[in-house]
Amino acid sequence: MQYKKRSFLISFGLIFLFIFVSKLSSAQMITGVWNGKINKKKTEIKIIQKGDSLLGTAYYYESETNYRRYSIKGYFDPNTNEAVWWDDQLLEEKTGKFSLNSPGKIPYLSSADFNCPGNGKMMLDGDAALKNKRGSIQGPVHLEKTNETLFPDEWDFILENYTAGANDPYYIDSIASIAGTPVVLPGGKVVQPKEDVLSEKKTETVKIDPLPPQKKEPVKAAALPRQEQKQITVKKTIEEEFKIRERVIAVDIPLTGDSIELRFYDNAQIDGDSISLFLNNKLIFQHIRLTAAAYTIKLPVHELNETNELVMVAENLGEIPPNTSYMLAIVDNKRYEAMLKSTEESSAVIKLTKPKIQDNNAVKN
């Protein structure tokens with residue numbers, strides 16, 4: 001009897017392990033970067049599976065400087081190998097100056113069959129419909145899984161470490177909370193949420209009515225009380241604060257490639273932190289309100305010096321001091337992260353350094 005019970009438990013355990021491994025392997029296969037076309041438009045999507053749900057991001061592009069980016073949501077049926085996802089929210093929009101096309105203008109709902117035709121290829125083939133009308137087929141979906149991305153972003157951490165623990169829903173939800181960025185208008189202008197912009201306090205001139213005329217009376221020996229004068233405190237400009245505060249180096253980033261992209265987020269609770277950025281002692285951005293959405297700047301490498309200092313100066317400390325920012329830098333498809341802290345006494349410094357080029361023709365002594 002005990003032998004039969006033990007055999008049953010072992011068989012049940014093996015079946016459970018087989019089902020678990022099958023689900024994990026299917027998640028690994030659908031999770032990744034997919035490149036191809038949706039409705040004949042060049043597309044790159046990043047799919048992350050969390051349980052039976054899918055989330056991630058989609059880029060409809062003409063080039064790396066002309067694209068629209070959406071967040072995506074959906075689901076995957078492991079029994080039929082069908083993946084369904086839709087463009088949920090427009091996150092970013094960049095268009096070229098002389099481009100006639102506008103990729104990704106219409107959000108889609110895509111359904112595709114996950115298949116492996118051989119030679120190590122993995123494909124998603126199906127149809128794309130209008131987001132709000134599933135029956136209105138607009139064109140085919142042909143995507144192939146790839147190991148490279150044209151658009152580095154926050155999801156790359158999950159994709160690169162999915163089998164090493166990053167498939168934990170906690171990490172996926174954490175990245176999802178910061179993956180949304182403000183919508184960008186043509187030309188790269190960021191549309192910030194309509195909030196009160198922090199500005200320097202204006203000095204108000206208070207008009208004091210003159211004292212009414214008094215009758216002339218003999219001056220008494222008692223001393224007349226003096227009117228108290230209020231002390232006026234003049235608020236320092238952000239340029240003055242930049243000069244007097246101590247500068248603390250937070251990270252040193254090597255400069256390679258054509259450009260460096262920097263994204264700034266509020267590191268903790270969204271509490272109204274606001275910053276200014278100085279590049280090589282010059283104010284380049286002011287009144288940046290830190291939120292869960294990235295504030296993105298891009299700097300051409302060829303316009304920078306051999307050694308540069310990007311300084312984050314706190315304009316305020318928010319509701320919860322100090323002023324803290326999570327910074328993500330992308331240089332030549334490499335990612336650098338740093339936690340920046342700025343107070344009323346110090347500012348955070350990001351060093352940007354071009355690597356020295358060795359002269360192979362130099363004459364050795």
Side-chain angles (χ1 to χ4, degrees), residues 64-65 149 151-157 160-161 175 178-179 181-182 188 190 198 236-268 273-318 321-360 362:
E64 294 182 36
T65 57
T149 176
F151 304 96
D153 59 33
E154 301 84 357
W155 287 113
D156 294 343
F157 171 80
E160 293 167 3
N161 300 278
I175 294 297
I178 65 172
T181 59
V190 179
L198 182 69
K236 292 185 178 70
T237 65
I238 197 64
E239 290 87 349
E240 292 172 334
E241 296 286 2
F242 166 74
K243 291 178 181 179
I244 63 176
R245 292 183 187 178
E246 179 186 3
R247 300 176 196 177
V248 180
I249 298 176
V251 63
D252 193 340
I253 300 175
L255 289 175
T256 56
D258 297 327
S259 64
I260 176 171
E261 183 173 311
L262 299 113
R263 303 173 184 174
F264 296 87
Y265 307 84
D266 196 317
N267 181 46
D273 287 344
S274 182
I275 63 171
S276 288
L277 294 176
F278 288 78
L279 178 62
N280 297 332
N281 300 321
K282 292 182 179 180
L283 177 63
I284 56 172
F285 293 101
Q286 193 173 7
H287 308 320
I288 300 173
R289 181 69 62 89
L290 297 176
T291 67
Y295 185 94
T296 304
I297 67 172
K298 201 166 186 178
L299 303 173
V301 170
H302 73 274
E303 294 182 3
L304 297 174
N305 301 329
E306 296 298 319
T307 303
N308 308 269
E309 284 193 355
L310 183 66
V311 183
M312 185 188 87
V313 182
E315 294 181 345
N316 67 359
L317 300 182
N323 187 317
T324 54
S325 170
Y326 165 71
M327 186 274 298
L328 171 65
I330 301 174
V331 188
D332 202 14
N333 291 328
K334 295 180 181 178
R335 298 159 60 90
Y336 301 86
E337 301 176 8
M339 299 300 177
L340 309 178
K341 182 176 73 172
S342 183
T343 67
E344 292 179 345
E345 291 79 32
S346 64
S347 300
V349 178
I350 306 163
K351 292 198 70 175
L352 306 173
T353 307
K354 294 181 180 180
K356 294 182 179 179
I357 301 175
Q358 295 182 352
D359 187 0
N360 296 326

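Worth knowing before you read on, the calculation uses all heavy atoms, side chains too, and leaves out hydrogens, waters and symmetry mates. Predicted, not measured: the structure shown is a model, and the values here were computed from it.
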Steps toward side-chain contact (heavy atoms from CB on, under 4.5 Å) verdict (Thr307, Lys351): CA-CA 7 Å; Thr307 303; Lys351 292 198 70 175; 4.2 Å; yes
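Judged purely by atom type and a 3.5 angstrom limit, Ser342 uses its side chain to pair as donor or acceptor with the backbone of Ser346. Proximity of a side-chain donor or acceptor of Asp153 to a complementary backbone N or O of Trp155 within less than 3.5 Å is detected. Not one N or O on the side chain of Arg247 forms a donor-acceptor pair closer than 3.5 Å with the backbone of Glu309.
Between Pro355 and Leu255, the shortest heavy-atom contact is CD-O, 3.0 Å.
Aromatic rings of Phe264 and Tyr295 (six-membered ring for Trp) have centroids beyond the 6.0 Å cut-off, not under it.
Proximity of His287 to Glu315: side-chain heavy atoms (C-beta onward) are separated by under 4.5 Å at one or more points. The shortest distance between side-chain heavy atoms of Met312 and Leu277 falls below 4.5 Å. Residues Lys334 and Thr256 are not in side-chain contact: their nearest non-hydrogen atoms beyond the backbone lie 4.5 Å or more apart. For the pair Leu310/Leu262, a side-chain contact is recorded, criterion being any heavy-atom separation below 4.5 Å from C-beta on. Residues Tyr336 and Met327 fail the side-chain proximity criterion, which asks for heavy atoms closer than 4.5 Å. Taking 4.5 Å as the limit, every side-chain heavy atom of Arg245 sits out of range of all side-chain heavy atoms of Val311. The shortest distance between side-chain heavy atoms of Arg335 and Leu328 falls below 4.5 Å.
With a 6.0 Å cutoff to the six-membered ring centre and a 45° limit on the axis angle, Arg263 does not count as a cation-pi contact of Tyr326.
For the atom pair CD of Glu241 and CD of Glu344, the computed distance is 7.5 Å after rounding to the nearest 0.5 Å. Of the inter-residue distances, the one linking Asn323 atom CG with Lys341 atom NZ reads 11.5 Å to the nearest 0.5 angstrom. Atom CG of Leu290 sits about 4.5 Å away from atom CD1 of Ile275, to the nearest 0.5 Å. Here Leu299 contributes atom CG and Leu304 contributes atom CG; the two are 5.5 Å apart, rounded to the nearest 0.5 Å. With rounding to the nearest 0.5 Å, the separation of CG in Asp258 from CG in Asp332 is 8.0 Å. Between atom CD of residue Gln286 and atom CD of residue Glu239 there is a gap of 6.0 Å, rounded to the nearest 0.5 Å.
No side-chain donor from either of Asp273 and Ser325 sits under 3.5 Å from a side-chain acceptor of the other.
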